[in-house]
Participant: 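This is the structure I have questions about; it appears just below.
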Amino acid sequence: MAAKFDLDDNGVVVIIGSGAGGGTLANELAQKGVGKIVVLEAGKHYKLEDIENDEWAMFGKISWLDKRISAGAWHHTKDFPNLPAWIVKGVGGSSVHWAGLALRFQQHDFKTRSTYGHVPGANNLDWPVSYEEMDPYYSRAEKKLGVAGAAASGMPPLPENNHYKVIAAGARAIGYKDIVRPMAINSRENDGRPGCQQIGFCMQGCKIGAKWSTLYTEIPKALATGRVELRPESMVLQIQHDKSGKVNGVLYVDKNGKKQLQKARIVCVAGNSIESPRLLLNSASSMFPNGLSNSSGQVGRNYMVHTTAAALSIHKAPVHMYRGTAIAAVVSDEAKLDTNRGFFGGYHLEGLSIGLPFAAAFIRPGGWGREISSALEMYDHMTCVWVCGEDMAMEQNGITLHKTEKDHYGLPVPVVSKSDHANDAMLRIHGLAQWRKLNEAVGAIRTVDMPPYPASHNMGTNRMSAKPRDGVVNKWGQSHDIKNLFVSDGSQFTSSSAANPTLTIVALAIRQAEYIADSMKKGMI
Amino acid sequence: MDKDSKKTQDESQQPEGMSRRFFLKGGSSLAAIGITTLAGAGLGTALPAEAVAPPAAGKEGYTQSFANLGSGNGETLVKMARDIFPHDKLPDQLYADAVAGYDADAESKSMIMSGLASMDAIAKKRFGKRYADVALEADRLEVLYAIEDTPFFQKIKGGLVTGLYNSKKVWPLLGYEGSSWQYGGYLDRGFNDIDWL
Ligand SMILES: Cc1cc2nc3c(=O)[nH]c(=O)nc-3n(C[C@H](O)[C@H](O)[C@H](O)COP(=O)(O)OP(=O)(O)OC[C@H]3O[C@@H](n4cnc5c(N)ncnc54)[C@H](O)[C@@H]3O)c2cc1C
Ligand code: SF4
């Protein structure tokens with residue numbers, strides 16, 4: 001079944017990374033008959049047996065823990081100095097850990113520059129693709145992911161757990177109406193996978209595969225076509241090119257620590273928004289001294305993580321928020337376009353449970369004393385929110401290469417720099433205040449605000465643009481500079497919106513696969 | 001475009017103020033988020049499966065002897081652990097479990113010994129007693145405030161985040177049920193049983 005291709009085979013499409021973007025692209029291309037696909041994945045190939053209902057054990061097992069350095073004004077610089085982001089290194093990428101919330105972007109999200117105008121300090125830009133163009137691909141993505149409650153999938157909504165009920169009641173009590181929960185989790189048996197059993201460890205990997213992850217959907221389907229070879233534990237160091245400037249191969253370290261050169265007809269980069277730009281920068285050559293596809297100077301810039309904050313509210317009676325699907329009710333009322341609140345963009349209030357071990361770690365990094373222990377003692381009375389708001393693109397937020405420090409592959413360590421825009425700070429304060437009100441409306445006795453978690457949504461560092469000078473790739477995720485080089489992950493995003501990114505990553509990958517397959521057929525690439 | 005001009009690669013490698021802001025702390029996964037780990041406590045070292053041991057007789061209320069650090073130091077350490085994350089309903093034994101690993105931790109022994117000695121010295125100066133004998137929590141906190149920025153305090157506190165809160169014996173006492181898949185999740189076990197709304 002699973003194919004095997006020669007290192008010297010220069011007809012191969014190489015996909016770097018097997019997460020939401022890369023895994024989906026591999027399967028879509030294979031289903032369209034593209035004959036030779038090699039997926040290179042830095043991490044190991046874990047199976048459902050490896051998944052544990054244990055926050056720290058899973059974090060330690062599958063997170064990307066190669067050294068990264070946090071920089072900039074965000075609190076990560078002090079509190080998470082080597083963990084700016086929470087990303088998975090393994091087959092399936094962060095789709096193993098993701099919570100499964102599958103929101104669409106809104107129309108204005110694709111047009112932030114023309115909607116907001118010039119925002120001082122920000123580097124906003126319209127996407128070269130519109131909501132109308134994306135709409136059918138969103139539907140296909142919803143169907144693929146089996147999104148519960150989405151018309152396109154035909155899947156019923158997930159049942160409401162305790163955590164959902166408390167948040168939804170509070171939201172209605174303060175006048176919110178738009179309470180949603182589109183989840184890429186099977187609400188019944190579907191696609192050869194079981195329905196959700198309310199295990200409650202969605203973000204540690206779903207033990208029964210009820211939640212969509214490329215690990216046990218796209219990748220096995222892709223392999224079953226006989227057109228795809230997956231090489232786990234294969235870390236790509238560099239993308240190489242020929243004299244004409246077209247990419248023609250990738251250099252990687254295989255699972256035995258040996259360097260290999262895989263020849264390629266097309267290269268698609270899907271390593272998530274820190275590793276993808278890092279790889280392009282690390283592939284600098286005499287022809288491309290600033291890194292591949294970087295004639296705009298925008299590779300690694302405009303790093304967006306969503307403007308986030310979190311809070312725990314303590315109620316007068318038990319909630320047991322950890323019982324069942326990690327994402328509870330999601331309030332969308334504040335995601336609408338409304339500049340009267342004093343900021344651009346909007347946010348979702350996303351009920352998101354965390355276990356006691358993570359609550360202790362994140363409630364106040366570095367804190368101690370009764371202020372903290374008295375809250376944690378009420379763990380089973382808590383609700384928990386994650387505010388997910390629009391993050392403005394800013395040019396100086398980004399990924400750069402450390403001048404001297406190298407990792408164990410010999411590659412410069414990535415420096416991940418992020419500071420708030422004033423807009424972000426306003427949005428965050430508004431979100432936390434609304435959350436407090438919402439909980440107090442159903443009797444919460446105490447709310448503890450928490451700083452943002454390590455970034456789980458990473459976007460924007462190889463952004464799409466209509467004009468080559470404004471970004472890295474065109475509306476198909478194709479490099480402006482090198483036509484057989486593609487970016488296939490969230491680093492393509494031109495804006496962050498207030499919606500979690502993965503549905504859009506998948507929709508873009510489905511769309512990109514059509515374009516690549518078609519262009520190959522026409523001999524254009 | 002708000003971008004004023006095209007930047008060169010070298011400029012782009014040096015965003016404003018970044019080099020000043022490097023924080024290079026330890027390399028382990030938890031050190032990455034400012035949490036230190038301790039062999040024998042919490043993370044990665046599965047806790048013994050038996051239920052919470054009943055407190056042993058005697059004033060300490062825990063079974064560890066702290067043979068290397070000395071029983072007096074052990075007592076200080078256990079009290080300190082409780083004062084850092086005080087839960088009146090947790091028995092001493094669980095705090096002792098959370099710090100027991102330091103007794104076998106040769107590498108940090110001198111830091112621990114001198115840290116504990118300085119706590120006792122401050123306690124004696126202010127209250128005429130060693131730390132563990134200072135009766136009032138508020139008085140003991142004064143001692144902890146005096147040392148809270150030291151690497152010793154940071155290490156003990158960081159270790160407790162997992163040593164205590166990742167202990168499977170502590171979980172049920174703080175209302176957390178842990179792994180659920182082996183029981184079929186919560187589908188038939190109360191995921192939607194709320195009755196007070
Ligand atoms: C805890 C958590 C909860 C989340 N919840 C949600 C949610 O509810 N909704 C939502 O929309 N999103 C959520 N996300 C975000 C979501 O997981 C990501 O947006 C998505 O997985 C990103 O897809 P990607 O393809 O860009 O990268 P990933 O899925 O991270 O995949 C990248 C892959 O590339 C590999 N790789 C990187 N560099 C190289 C290299 N040089 N060579 C070879 N391989 C390489 C990595 O090992 C990794 O496997 C969550 C994330 C986390 C961590
Ligand atoms: S609640 Fe449980 S069964 Fe449902 S998706 Fe999450 S981990 Fe899987």
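Only this structure's heavy atoms are used, side chains among them; waters, hydrogens and symmetry mates stay out. Convention: sequence-line order gives letters A, B, ...; per-chain numbering from 1. No experiment lies behind these values; they were computed from the predicted model shown.
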Participant: Please check: side-chain N/O of A/N53 versus main-chain N/O of B/G178, any donor-acceptor pairing under 3.5 Å?
Facilitator: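 Between the backbone of B/G178 and the side chain of A/N53 there is no qualifying donor-acceptor contact (under 3.5 Å).
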
Participant: Return the minimal non-hydrogen interatomic distance between B/N166 and A/P357, and the atom names on each side.
Facilitator: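 Nearest pair, atom of B/N166 first, then A/P357: OD1-CG, 3.5 Å.
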
Participant: Do B/L144 and A/W368 touch side chain to side chain, with heavy atoms closer than 4.5 Å?
Facilitator: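 Side-chain contact under 4.5 Å: yes.
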
Participant: Nearest 0.5 Å, what's the CD1-NZ distance between B/I194 and A/K165?
Facilitator: 7.5 Å

Participant: Go through the atoms of B/I84 and report whether side chain, backbone, both or neither lie under 4.5 Å from a heavy atom of chain A.
Facilitator: both

Participant: How about residues 182-191 of chain B versus chain A: which residues have heavy atoms under 4.5 Å apart?
Facilitator: B/G184, B/G185, B/Y186, B/L187, B/R189, B/G190, B/F191

Participant: Look at A/S63, A/G443, A/P159 and state which one has the largest set of heavy-atom pairs under 4.5 Å with chain B.
Facilitator: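 Top count of heavy-atom pairs under 4.5 Å with chain B: A/P159.
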
Participant: Looking at B/L197, B/L141, B/D83, which makes the most heavy-atom pairs under 4.5 Å with chain A?
Facilitator: B/L197

Participant: For chain B, which of A/V442, A/I51, A/I199 has the most heavy-atom pairs under 4.5 Å?
Facilitator: A/I199

Participant: Is A/H315 close to chain B through its backbone or its side chain, or both, or neither, when contacts mean heavy atoms under 4.5 Å?
Facilitator: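 Contact with chain B involves the side chain of A/H315 alone.
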
Participant: Find out whether B/W171 and A/L356 are in side-chain contact, i.e. whether some heavy atom of one side chain is under 4.5 Å from a heavy atom of the other.
Facilitator: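 Yes, close enough: below the 4.5 Å cut-off.
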
Participant: Could you tell me which portion of A/K207 (side chain, backbone, both or neither) has an atom closer than 4.5 angstrom to a non-hydrogen atom of chain B?
Facilitator: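 Side chain only.
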
Participant: Please identify, among A/G355, A/G369, A/G121, the residue contributing the most non-hydrogen atom pairs under 4.5 Å to chain B.
Facilitator: A/G369

Participant: What part of A/I208 gets within 4.5 angstrom of chain B, counting heavy atoms only: side chain, backbone, both, or neither?
Facilitator: neither

Participant: Using a 4.5 angstrom heavy-atom cutoff, name the option from A/G324, A/A360, A/A284 with the most pairs to chain B.
Facilitator: A/A360

Participant: Just give me the residue among A/P120, A/C196, A/G366 that pairs up with chain B most often, heavy atom to heavy atom, under 4.5 Å.
Facilitator: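 So the answer, after comparing A/P120, A/C196, A/G366, is A/G366.
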
Participant: Tell me whether B/D88 is salt-bridged to A/R370, with the criterion being a basic N under 4.0 Å from an acidic carboxylate O.
Facilitator: yes

Participant: Checking A/S373 side chain against B/P86 main chain: does a donor-acceptor pair fall under 3.5 Å?
Facilitator: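 Confirmed, A/S373 side chain pairs with B/P86 backbone.
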
Participant: Can you say whether A/E160 sits under 4.5 Å from chain B via the side chain, the backbone, both, or neither, judging by heavy atoms?
Facilitator: backbone

Participant: Which atoms of A/P412 are under 4.5 Å from chain B, going by heavy atoms: the side chain, the backbone, both sets, or neither?
Facilitator: neither

Participant: Within residues 111-128 of chain B, which residues come under 4.5 Å of chain A, heavy atom to heavy atom?
Facilitator: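 When heavy atoms of chain A are the reference, residues 111-128 of chain B contributes no residue within the under-4.5 Å range.
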
Participant: With a 3.5 Å distance limit and no angle check, can you tell me whether B/W196 reaches the backbone of A/P318 through a side-chain donor-acceptor pair?
Facilitator: yes

Participant: Is any side-chain heavy atom of A/D54 closer than 4.5 Å to a side-chain heavy atom of B/K168?
Facilitator: yes

Participant: Would you call A/Y322 and B/Y176 a side-chain contact if the rule is heavy atoms closer than 4.5 Å?
Facilitator: yes

Participant: Is it the backbone or the side chain of B/E177 that comes under 4.5 Å from a heavy atom of chain A, or both, or neither?
Facilitator: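 B/E177 touches chain A through backbone and side-chain heavy atoms alike.
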
Participant: Nearest 0.5 angstrom please: A/E377 CD to B/L173 CG, how far?
Facilitator: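 The CG atom of B/L173 is 10.0 Å from CD of A/E377, to the nearest 0.5 Å.
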
Participant: What part of A/A169 lies closer than 4.5 angstrom to a heavy atom of chain B: side chain, backbone, both or neither?
Facilitator: side chain

